[in-house]
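Beneath this line is the structure, given in structure tokens, with notes to follow.
A note on names: the letters A, B, ... follow the listed sequences, proteins ahead of strands, and every chain is numbered from 1. As the structure is a computational prediction, the values presented were derived from the model and not from experiment.
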Amino acid sequence: MADEYNPKEIESKWQEEWEKSGIYHAEDDSKKEKYYALIEFPYPSGDGLHVGHPRPYIGLDIIARKRRMEGKNVLYPIGWDAFGLPTENYALKTGKDPRVVTKENTDTFRKQIQSLGISFDWARETNTTDPKYYKWTQWIFLKFLENGLAYKAKMPINWCPKDKIGLANEEVVDGKCERCGTEVVEKEKEQWMLAITKYADRLDKDLDEVDYPERVKIEQRNWIGRSEGVLIKFDDIEIFTTRPDTIRGATFLVVSGKEDKFTGKFVTNPATKEKIPVWEAEYVYSDYGTGAIMGVPADDERDRVFAEKYNLPIVIDYKKADFEEFGKKVVKYKLRDWVFSRQRYWGEPIPVIHCEKPARPDGRSGGCGVVPVPEKDLPVELPVVEKYEPGPDGESPLANISEWVRVKCPSCGGDAKRETDVMPNWAGSSWYFYRYCDDKNDKEFASKEKLKYWMGVDWYNGGMEHTVLHLLYSRFWNKFLYDLKLVPTSEPYKKRTSHGIILAEGGEKMSKSKGNVINPDKIVDQFGADTLRLYEMFMGPFEQAIAWSDEALAGPRRFLERVWRLKEKIADSNVEIPAILHQTVRKVSDDIEKLGFNTAISSMMILANNLEKQEKISQEEYKTLLKLLAPFAPHITEEIWAELGHKDSIHLESWPTYDEGKLVDDEIVMTVQVNGKLRATLKIEKGQSEEEIKSLALGLPEVKKWLDKEPKKVIVVPNKVISIVT
RNA sequence: GCCGGAGUGGCGGAAUGGUAGACGCGCACGACUCAAAAUCGUGUCUCGCAAGAGGUGGAGGUUCGAGUCCUCUCUCCGGCACCA
């Protein structure tokens, strides 16, 4: 038969057509209401796409497509978060220029993603490694510097000996490098820091304003670690406690190892006026609170263990104190400032110059010290190097390029050196969502007018693993830029959701080393992109991790074949639209908003099965099904739409609506329970009275059988249940 | 230890307190076919010939009615963790 469903043919055809007509391009000057849908832009690794990557893209594609059909001006962009270690390590191994590697990888990724028919606005594609992009990453860094939020400090940092790289606290998991799993060690090093702690209170409090999953809010709050307590002086030692009421039970103080000059001394408990000893212990941290605590063995488990071990007195049943009786209330956070330096190559150079004449401590002229690169000289481009190895002491590979490093001080003209540290790969992703709003701008990172129109992001979907990394960092940048009046909203994302990852068959994580990675190209080739899209949305709840199954792909493909075949049943009759169509419109519309893609698809399957059983179907029924399906399976629906004689794309049609009054069938099946047990079903007509229904139910032979006396009570739940109690 | 989330057929999973297992996969049988694939139809929680009984990790409870609400408990997953 000539008219077979052939995805290979129709999919590439429509993809080209859509790109040519630009129907997915966001309009900057539009009277329409805007809608900004965002996915976390991918890191283009050398392994190419695996089937897990597109799950969030497809999910938000359905949202974006539905919004367009609802008449919104939709921005659904994509770009590449391309700085980072894997590319650099690959360059190290092969000697290839990371720029070339990145170009190859993004080309592969782009081609693969484009084969899935996702309605990204490719005209706004951005890349964090493009100097035109990272010029603005550097520019924002200079704003941090200018406002005193970027500073250099010699401090113990988390050092990964394998990657030869300093890590932010957020990148250390169980004492190991988040990336490679190597045990991190402490290392003293001069580092650039960003003062995220200055925003700790607002990062915590403003979570109240946004629509994030509760879990994400809790994890962020956990990480920020706000606690209210009191600072109390025991002679020269100030302690922090959240339980000042227990002060009369304090029989000793404990200081961290760094404060050990007090160890062995005695101080006065301001509440009891007794002299109590000062001890030193590892369980007290130097960088939290004041680095000193009061030991209340009667009320605190650790203090009790400590007191028992060292035979310290334990006072019970002491009188409680008032909260601020002995000191003043303060708020402390667990959050630490962000280590922002990386001594590697493939990142944004930190745009500062170190003048050889140090700045004078009194701030008067004579020396410059750290000098920001003037804005006109941005971007500071990464020079081409021969060797990508970090130096023996963990110096950046850039430190070896003396012609790049040696510059004149922009301030005094004297000899100076460039900063050779680069930024962490979280830098470019902390602001990319602004760039999409105005990606061609070479005067600003994005114009205020365009930001005002497009921001904030209406719906942002991404991985749970970024809750305390990317999500917290980008909220911090946003708040900083908001304070400078450079961006219009105090929070970047109105709504955040998370997708579950796709696991390999058998439930293991997909990884190259395990050899269980599934390439979407294979699936597209064999089944078509529409089947892949449908399957990824149908396989299970969107927000839940789920194992891939090759076998199960057949279901969605059969469904599409069925929809395809329904063409032949179209009749030009003007039939009354049955209730099931209204129900399906409602179900699909509602489910999409709840990320219930699996149940939305299931209801469309039911509708298709239903239509197939009919002799003939009306144009109206079929077109409605196609429109509902269009966001899920954009190619096949477009093809059929065109075959039905339409000149314009189905994706420009308006989203179907339903009639509230026609949701219920004329005939309803109710269940009849006797003492809670199901005994019969009862067919009734729409609109029958409760009394009628009751007597019909009581008259059923299957019911009479169980009634040996007058029922005590009969409960009728409209359209559902008749419950008889004897 | 603390804070979240989840336990439902052979499998993925459905179910505003109202017929548990929708939808899909798989499997079985049947139709079509020389045959196979594809497609279509029927069946598919357990016990029972049937009437019926039991069944959503376990034990109680609330309710006319509980997978869903409450109490206790077990297991798994995620986050935080000598954070005062």
Item checked: Nucleic acid footprint by protein, nucleotides 7-19 of chain B - heavy-atom cut-off 4.0 Å, B for base, S for sugar-phosphate alone -> -----BSS-B-BB
Notebook entry, point to check: Quick one: which of A:Asp530, A:Leu534, A:Thr624, A:Ile601 gives a side-chain contact (heavy atoms from CB on, under 4.5 Å) with A:Leu629?
Noted result: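 It is A:Leu534, the one option of A:Asp530, A:Leu534, A:Thr624, A:Ile601 that forms the side-chain contact (heavy atoms from CB on, under 4.5 Å) with A:Leu629.
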Next item on the list: Go through RNA chain B and write down every stem, that is, every run of at least three consecutive Watson-Crick or G-U wobble pairs with distances under 3.5 Å, as range with range.
Entry: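 The stems are B:1-7 with B:74-80, B:10-12 with B:23-25, B:26-31 with B:39-44, B:45-47 with B:52-54, B:57-61 with B:69-73.
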Using only side-chain N and O atoms of [X], determine if any of them is under 4.0 Å from OP1 or OP2 of [N].
X: A:Lys677; N: B:rG54; answer: yes
X: A:Tyr285; N: B:rC82; answer: yes
X: A:Arg558; N: B:rC25; answer: yes
X: A:Lys509; N: B:rC77; answer: no
X: A:Thr242; N: B:rC83; answer: no
X: A:Tyr288; N: B:rA84; answer: yes
X: A:Asn609; N: B:rA22; answer: no

Review item, nucleotides 41-44 of chain B N/O atoms under 3.5 Å of protein N/O:
none

Side chain of [X] only, please: which of [options] is the nearest?
X: A:Glu219; options: B:rA53, B:rG79, B:rA84; answer: B:rG79
X: A:Asn222; options: B:rG26, B:rG52, B:rC80; answer: B:rC80
X: A:Arg565; options: B:rA84, B:rG24, B:rU39; answer: B:rU39

Quick one: list whatever passes ring-ring contact (aromatic ring centres under 6.0 Å, His included) with [X], sequence neighbours left out.
X: A:Tyr535; value: A:Trp548
X: A:Phe326; value: none
X: A:Phe538; value: none

Check: What ring pair (Phe, Tyr, Trp, His ring centres under 6.0 Å) pairs are there with at least one residue in residues 217-244 of chain A, not counting sequence neighbours?
Finding: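 Not a single pair qualifies under ring pair (Phe, Tyr, Trp, His ring centres under 6.0 Å).
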List in chain and number order the residues that pass side-chain contact (heavy atoms from CB on, under 4.5 Å) with [X], two or more places apart in sequence or in another chain; answer none if no residue qualifies.
X: A:Val278; value: A:Ile237, A:Leu253, A:Val255, A:Phe262, A:Val267
X: A:Gln583; value: A:Ala579, A:Ile580, A:Leu663, A:Asp665
X: A:Pro711; value: A:Leu698, A:Val714, A:Ile724

Could you list, one pair per line, each protein nitrogen or oxygen that sits under 3.5 Å from a nitrogen or oxygen of nucleotides 46-50 of chain B, together with the distance?
none

Item checked: Ion pair A:Glu561/A:Arg557, N-O distance below 4.0 Å ->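 Salt bridge present between A:Glu561 and A:Arg557.
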Next item on the list: May I ask you to list the residues of residues 691-702 of chain A, by number, that have any heavy atom positioned under 4.0 Å from an atom of RNA chain B?
Entry: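 Nothing qualifies; none.
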